[in-house]
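Only a predicted model underlies this, so the values are computations on that prediction, with no experimental measurement involved.
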Amino acid sequence: MNIPSAMPLLTENPIVPVVVLDRAEDSIPTARALLAGGIKSAEVTFRTPVAADCIAAIAKEVPEITVGAGTVINREQAQAGIAAGAKFLVSPGISEEVAAAADEAQMPYLAGVANPTDIMVAANWGLKVLKFFPATALGGLGTLKAFAGPFPQIKFMPTGGVNLENLGDWLSAPFIPAVGGSWMASAKLINAGKFDEITRLSAEAIAKVKEIKNEQA
């Protein structure tokens, strides 16, 4: 397989919000709220029936947001996300059929890994940037540091348990270009229509990222 690298996406977007949308009409306000706070990407998950419609709406109406399809667990969902206008695919685990769909569409794919065997499979497909999920439950940064030894060529996007308080710990690691998280655009906030709060939390997260990068410079 010759799947495009996700590194350009993650270099430009050190925070990739994991967005669960229960109503299609919330998609554009959510995307605009993220954008107003300085976030320029969103992983819209296939956990709800309206995911493809939401991806299509964001891709069309808020093109400044690089929208991806998340929680993609089979070829059908991958193709639906691609057809809707997704620019990248993310899955909670590792799937050869999703990888094949990404390869056919020449689209970045962040496969979810949890152990060295997963990483070896993904590396054999040519993937060098992977999602680590669920990050905190699997041992957090300590586990990723252990993985970085035998897999120095691999970069990781931890997702699951990432928040504003531990953001600096994650992004301080050289093998972590970006994190995934839902704290700035939780389903609870979206469903309550608290888009101003999503903007505030997004701006807070971006300010934290800039602070971390300044410390590293």
Side-chain angles (χ1 to χ4, degrees), residues 3-20 30-31 34-35 37-45 58 64-72 81 86-94 102 107-114 118-119 122-123 126-145 147-148 151-186 198 201-217:
I3 300 170
S5 173
M7 269 305 290
L9 166 74
L10 300 189
T11 300
E12 190 175 329
N13 299 283
I15 299 177
V16 179
V18 179
V19 180
V20 180
T30 300
L34 290 169
L35 189 63
I39 288 179
K40 298 181 181 179
S41 67
E43 172 196 334
V44 176
T45 72
I58 294 170
E64 300 92 338
I65 290 279
T66 302
V67 63
T71 320
V72 176
K87 300 296 189 293
F88 61 98
L89 303 176
V90 188
S91 59
I94 188 163
M107 181 171 295
Y109 171 42
L110 286 152
V113 298
D118 292 344
I119 298 170
L127 297 176
K128 294 182 179 178
V129 189
L130 304 170
K131 173 179 177 173
F132 177 54
F133 176 82
T136 299
L138 290 173
L141 188 56
T143 300
L144 275 188
K145 286 180 177 176
F147 289 166
F151 303 108
Q153 77 278 27
I154 302 295
K155 305 289 186 186
F156 298 94
M157 180 182 77
T159 306
V162 179
N163 54 48
L164 187 70
E165 286 69 38
N166 61 30
L167 188 60
D169 295 334
W170 290 111
L171 291 179
S172 66
F175 45 83
I176 298 177
V179 301
S182 60
W183 78 91
M184 78 295 294
S186 67
I198 291 172
L201 291 171
S202 298
E204 186 179 52
I206 290 297
K208 183 68 174 178
V209 169
K210 289 178 179 176
E211 179 187 318
I212 294 163
K213 290 191 173 184
N214 286 338
E215 289 173 358
Q216 293 173 341

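The distance from the OG atom of S41 to the NZ atom of K87 is 12.5 Å, given to the nearest 0.5 Å. The distance from the CG atom of L34 to the CD1 atom of I58 is 8.0 Å, given to the nearest 0.5 Å. Atoms CG and NZ, on L144 and K155 in that order, are 12.0 Å from each other to the nearest 0.5 Å.
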Inset, instruction - Apply the test side-chain contact (heavy atoms from CB on, under 4.5 Å) to residues S91 and L110: give CA-CA distance (whole Å), side-chain angles for both, the deciding distance (0.1 Å), then the verdict. - result: CA-CA 7 Å; S91 59; L110 286 152; over 6 Å; no

Inset, instruction - Give the C-alpha distance, both sets of side-chain angles, the deciding distance and a yes or no for side-chain contact (heavy atoms from CB on, under 4.5 Å) between V179 and V16. - result: CA-CA 6 Å; V179 301; V16 179; over 6 Å; no

Inset, instruction - Could you go through the side-chain contact (heavy atoms from CB on, under 4.5 Å) check for V113 and K131 one step at a time? - result: CA-CA 6 Å; V113 298; K131 173 179 177 173; over 6 Å; no

Inset, instruction - Show the numbers, then the answer: is there a side-chain contact (heavy atoms from CB on, under 4.5 Å) between V19 and E43? - result: CA-CA 6 Å; V19 180; E43 172 196 334; over 6 Å; no

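For the pair P108 and S5, the minimum side-chain heavy-atom distance is 4.5 Å or more. Using a 4.5 Å heavy-atom threshold, the side chains of F151 and Q153 count as touching. Inter-residue side-chain proximity for I154 and F147 is flagged as unmet; no heavy-atom pair is nearer than 4.5 Å. At a threshold of 4.5 Å between non-hydrogen side-chain atoms, the residues K208 and I15 do not count as touching. Between V129 and M157, the closest side-chain pair of non-hydrogen atoms is not below 4.5 Å. Put simply, the side chain of T159 reaches to within 4.5 Å of the side chain of V18, judged on heavy atoms.
A side chain to side chain contact (heavy atoms under 4.5 Å, CB included) with I176 is found for one member of D169, L10, L141 and no other, namely L141.
By the 30° and 60° cut-offs, the orientation of the rings of F175 relative to F156 is perpendicular.
Nearest heavy-atom pair, W183 versus L201, reported as atom, atom and distance to 0.1 Å: O-CD1, 3.6 Å. In this structure, A69 and A86 approach most closely via the heavy-atom pair N-CB, 3.8 Å. Taking both residues in full, the closest heavy atoms of I3 and A102 are given as CG2-CB, 4.3 Å, listed atom of the first, atom of the second, then distance. Considering every non-hydrogen atom in both I65 and I39, the closest pair reads CD1-O, 3.4 Å. The two residues A205 and L167 have their closest heavy-atom pair at O-CD2, 4.1 Å. Scanning all heavy atoms of the two residues, the minimum distance from G112 to D118 falls at O-OD2, 4.5 Å.
Judged purely by atom type and a 3.5 angstrom limit, T143 uses its side chain to pair as donor or acceptor with the backbone of L138. When atom types are taken as modelled, the side chain of N163 and the backbone of E165 share a donor-acceptor pair closer than 3.5 angstrom. N166 places no side-chain N or O within 3.5 Å of a backbone atom of V162 that could act as its donor or acceptor partner. T136 places a side-chain N or O within 3.5 Å of a backbone atom of G160 that can act as its donor or acceptor partner.
Contacts of T11 classified as side chain to side chain contact (heavy atoms under 4.5 Å, CB included), with partners at least two apart in sequence or in another chain: M7. In this view, K40 satisfies the salt bridge (charged side-chain N to carboxylate O under 4.0 Å, His left out) rule with no residue, not counting sequence neighbours. Judged as a salt bridge (charged side-chain N to carboxylate O under 4.0 Å, His left out), and not counting sequence neighbours, E64 has no contacts.
The number of heavy-atom neighbours closer than 6.0 Å to CD of E204, taken from other residues, nucleotides and ligands shown, is above 12.
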